[in-house]
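Since the model is a prediction, treat every value here as computed from it, not as a measurement. In what follows, chains are A, B, ... by sequence order, proteins preceding strands, each numbered from 1.
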Number of protein chains: 2
Amino acid sequence: MLSPIRTQSFEPTVHLDGGLDAVLAMPCACPRFARDEEIFGEGETADYVYQVVSGAVRTYRILRDGRRQIDEFHFAGDHFGLELGEAHRVTAEAMTDTTIRMIRRGALSDLAARRGDAARAILRLTAEGLQRSQDHVLMLGRRSACERVAGLLLDIAERTHAKAELDVPMSRQDMADYLGLTIETVSRTLTSLQDEGLIALPSVRHVVLQDRRALERMTA
Amino acid sequence: MLSPIRTQSFEPTVHLDGGLDAVLAMPCACPRFARDEEIFGEGETADYVYQVVSGAVRTYRILRDGRRQIDEFHFAGDHFGLELGEAHRVTAEAMTDTTIRMIRRGALSDLAARRGDAARAILRLTAEGLQRSQDHVLMLGRRSACERVAGLLLDIAERTHAKAELDVPMSRQDMADYLGLTIETVSRTLTSLQDEGLIALPSVRHVVLQDRRALERMTA
DNA sequence: CGACACTTTGAAGAGGTTCAACTGGTGTGG
DNA sequence: CCACACCAGTTGAACCTCTTCAAAGTGTCG
């Protein structure tokens, strides 16, 4: 919304490291979003593909009666909003103050048509999303509340490159709606993990992983 | 396993109807699998991509303690086993006697490298899988047992092009492991749907949708 | 016909939800 | 600078859905 920033690089250096970054170092808008601000809505035309520069984003869907399911959390470097069809299937919101890179979808498909590595990068992004979604299915279908919470904490640690101390960008409600639980169950589970000495909760949005090994055992 | 059959068409007619069929009408092995026979196992090298010719397939993962989560059911025409990495992330088994088309992965990536429409078809397949997985997440995260069962029945109907009478190729255990429930809950839910007059159960593997409208209301 | 596997049904139990009250941190205004 | 309000999070107790364990029923195949 405020002060769109533009990148300068025009000649992309092709590392072919698998990401889109190499082939997509084209100038593009980088707007900022405040906490809880909507980036795009379910059903809107998908004219752009997005990348988190800094901050964190949730994508979700809502049932008629208000039940919400968070599909995915997106952290710095992650792409989101890539669609097969015309419209976005989810709503995207910033979880904290967030900077987003926007890539015109047309530019992307042009690039993919011209360059095999770009097409492959898009395929890889989609396939990675599929893998993550399959892991999510396994979590929701066959894991207990405790295993789910432990899994989420480890996932956040890995994806934000945190060691023991986690900055948790999401609210308890966000966690609950990602894990298919209620806010109360998430809260209770966190305190019981704390009581068992597996984690510490110095503040609401900070978690310290005190026994990562034990947490990993729960999720394996 | 028995009597691999080979298709004859060499010159593909390119309809570009979005499927891989148009660009992939190449000769390939079409083995048959008996009910419950494994097609490939989790962790095995992914040398092939598969397509259901007739029958039905389940893909699943198993946790250490034996809990199973079925990732997806695949019906005639569906592709499966398409992987980003080297290895299969799931196990695939025939649910009934099934014929499968096997496509060498190398041939597929060669084709994708040469032809943009093939690359796009592969992307589309992956993206459709992602959409289905996201729907699955919503189901497991935020729907009741009843809504899940109703949703599965409608999904089977749609994907097998059945009208009111469904041939259900999977066992109650398969349904349960797809829906994140137990076999008993699935059974009880089906009988209660029958009691309410929404479905009929002429035999274990046959379901008649008697009030599709009502079923759809449950899943919307 | 009988054996076996799968399904259904029943009763008791557990995990997670719901509803309600309380706590704690944050921000604002007097 | 403190007081108060407000909101997110936590905790407690009752409840409910789904699970677990057990037994009976159904269908299939030798």
Side-chain angles (χ1 to χ4, degrees), chain A residues 34-36 58 63 65-69 93 95-97 139-153 166-196 199-207 218, chain B residues 34-36 58 63 65-69 93 95-97 139-153 166-196 199-207 218:
Chain A
R35 177 195 274 212
D36 294 331
R58 60 178 166 251
L63 298 179
D65 60 2
R67 285 175 288 180
R68 182 178 75 156
Q69 177 63 48
E93 286 173 1
M95 289 196 290
T96 62
D97 293 355
M139 178 117 122
L140 297 177
R142 286 295 177 227
R143 306 196 103 108
S144 68
C146 197
E147 293 168 331
R148 295 183 204 189
V149 171
L152 175 57
L153 294 180
L166 295 195
D167 244 314
V168 180
M170 68 280 287
S171 67
R172 296 290 185 268
Q173 187 67 63
D174 289 333
M175 292 189 188
D177 289 349
Y178 178 77
L179 298 174
L181 301 169
T182 60
I183 190 175
E184 294 94 334
T185 300
V186 170
S187 183
R188 273 186 257 269
T189 304
L190 284 169
T191 57
S192 88
L193 285 174
Q194 186 177 33
D195 293 347
E196 296 164 33
I199 63 170
L201 298 163
S203 81
V204 170
R205 300 225 172 189
H206 287 89
V207 178
M218 301 183 63
Chain B
R35 176 196 275 211
D36 294 331
R58 60 179 167 252
L63 297 179
D65 60 3
R67 285 175 289 180
R68 183 178 75 156
Q69 177 62 49
E93 286 173 0
M95 289 197 289
T96 62
D97 293 354
M139 177 117 123
L140 296 177
R142 287 295 177 230
R143 307 198 103 110
S144 68
C146 196
E147 292 168 333
R148 294 184 204 188
V149 171
L152 175 58
L153 293 179
L166 295 195
D167 245 314
V168 180
M170 68 279 287
S171 67
R172 295 289 185 267
Q173 187 66 63
D174 288 332
M175 293 190 186
D177 289 348
Y178 179 78
L179 298 174
L181 301 169
T182 60
I183 190 175
E184 294 94 334
T185 300
V186 170
S187 181
R188 274 186 255 270
T189 305
L190 284 169
T191 56
S192 90
L193 285 174
Q194 186 177 33
D195 293 347
E196 294 164 34
I199 63 170
L201 298 163
S203 79
V204 170
R205 301 224 172 188
H206 288 88
V207 178
M218 301 184 63

Do [X] side-chain atoms and [Y] backbone N/O form a donor-acceptor pair below 3.5 Å?
X      : Y      : result
A:T189 : A:T185 : yes
B:D97  : B:A34  : no
B:R205 : B:D167 : no
B:R142 : A:L63  : no

What is the per-nucleotide protein-contact pattern of nucleotides 4-9 of chain D, from the 5' end, where B denotes a base atom under 4.0 Å from a protein heavy atom, S denotes such proximity for sugar-phosphate atoms only, and - denotes neither?
-----S
Contact check, side chains of A:R148 and A:L181, non-hydrogen atoms, under 4.5 Å:
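The answer is yes; the side chains approach within 4.5 Å.
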A:Q69 versus A:L140: any side-chain heavy-atom pair under 4.5 Å?
yes
Nucleotide interval of DNA chain C bounded by contacts with chain A (heavy-atom cut-off, under 4.0 Å)
C:dG16 to C:dC19
What's the shortest heavy-atom distance between A:L201 and A:Q194, and which atoms?
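Result for this residue pair: N-NE2, 3.2 Å.
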Would you mind writing out the side-chain donor-acceptor pairs for residues 169-176 of chain B within the sub-3.5 Å range, not counting sequence neighbours?
| residue | atom | partner | partner atom | Å |
| --- | --- | --- | --- | --- |
| B:S171 | OG | B:Q173 | N | 3.4 |
| B:S171 | OG | B:D174 | N | 3.1 |
| B:S171 | OG | B:D174 | OD2 | 3.3 |
| B:R172 | NH1 | B:V204 | O | 3.2 |
| B:R172 | NH2 | B:V204 | O | 3.1 |
| B:Q173 | NE2 | B:D177 | OD1 | 3.1 |
| B:Q173 | NE2 | B:D177 | OD2 | 3.4 |
| B:D174 | OD1 | B:R58 | NH1 | 3.2 |
| B:D174 | OD1 | B:R68 | NH2 | 2.8 |
| B:D174 | OD2 | B:R58 | NH1 | 2.9 |
| B:D174 | OD2 | B:S171 | N | 3.2 |

Would you list the protein and nucleotides 18-23 of chain D atom pairs, both N or O, that sit under 3.5 Å from each other?
| residue | atom | partner | partner atom | Å |
| --- | --- | --- | --- | --- |
| D:dC18 | OP1 | B:A145 | N | 2.9 |
| D:dT19 | OP2 | B:T182 | N | 3.3 |
| D:dT19 | OP2 | B:T182 | OG1 | 3.2 |
| D:dT19 | OP2 | B:T185 | OG1 | 2.4 |
| D:dT20 | O4 | B:R188 | NH2 | 2.7 |
| D:dC21 | N4 | B:E184 | OE2 | 3.0 |

Applying salt bridge (charged side-chain N to carboxylate O under 4.0 Å, His left out) to B:R67 and not counting sequence neighbours gives A:E147, B:D65
Quick one: which residue pairs count as a salt bridge (charged side-chain N to carboxylate O under 4.0 Å, His left out) with a foot in residues 178-196 of chain B, not counting sequence neighbours?
none
